[in-house]
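Being a predicted model, the structure only gives us computed values, none of them experimental. Sequence positions, counted from 1, serve as the residue numbers for this chain.
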Amino acid sequence: MDNIKIDRINTLAHKAKSVGLTEEEKKEQAALRKEYIATIRMNLRTQLDNIDIKEQDGSITNLGEKYGNKTSH
């Protein structure tokens, strides 16, 4: 998600608090928020998939391979 869309989300939020939004703006705000949340989830999943944990026996376990959708590197 680019900064232009994030700025638009913020602009709509400020307008909603001050004067209110039209139905079209409410739909746009909902769509932008949905896209923003999807982007955040994807970024978090990518970070979590790249975490390696050292087990007690000394082996390294990649959480993405163990729990996520990541295949072996």
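Taking the side-chain hydrogen bond (donor to acceptor under 3.5 Å, both in side chains) definition, one finds that S59 meets it with D57, sequence neighbours left out. Residues passing the salt bridge (charged side-chain N to carboxylate O under 4.0 Å, His left out) test with R8 are E28, sequence neighbours excluded. Residues satisfying the side-chain hydrogen bond (donor to acceptor under 3.5 Å, both in side chains) test with K15, not counting sequence neighbours, are E25. In this structure T61 satisfies the side-chain hydrogen bond (donor to acceptor under 3.5 Å, both in side chains) test together with E55, sequence neighbours excluded. With sequence neighbours excluded, no residue satisfies side-chain hydrogen bond (donor to acceptor under 3.5 Å, both in side chains) with N3.
Separating the CZ atom in R45 from the CG atom in N50 is a distance of 11.0 Å, to the nearest 0.5 Å. The CD atom of Q29 sits 10.0 Å away from the CG atom of N10 when rounded to the nearest 0.5 Å. Atom CD1 of I4 sits about 8.0 Å away from atom CG of D7, to the nearest 0.5 Å.
In this structure, I6 shares a hydrophobic cluster with M1, I9, L12, L21, L32, Y36, I40, the cluster being traced through Ile, Leu, Val, Met, Phe, Trp and Tyr side chains under 4.5 angstrom apart.
Under the 4.5 Å side-chain heavy-atom criterion for Ile, Leu, Val, Met, Phe, Trp and Tyr, I53 and Y67 are members of the same hydrophobic cluster.
Between E23 and K26 there is a salt bridge, with a side-chain nitrogen of the basic residue lying less than 4.0 Å from a carboxylate oxygen of the acidic one.
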Does T46 form a side chain to side chain contact (heavy atoms under 4.5 Å, CB included) with D49? I'd like the steps, not just the answer.
CA-CA 5 Å; T46 300; D49 283 348; 5.8 Å; no
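Other residues, nucleotides and ligands place more than 12 heavy atoms under 6.0 Å from the CG atom of L44.
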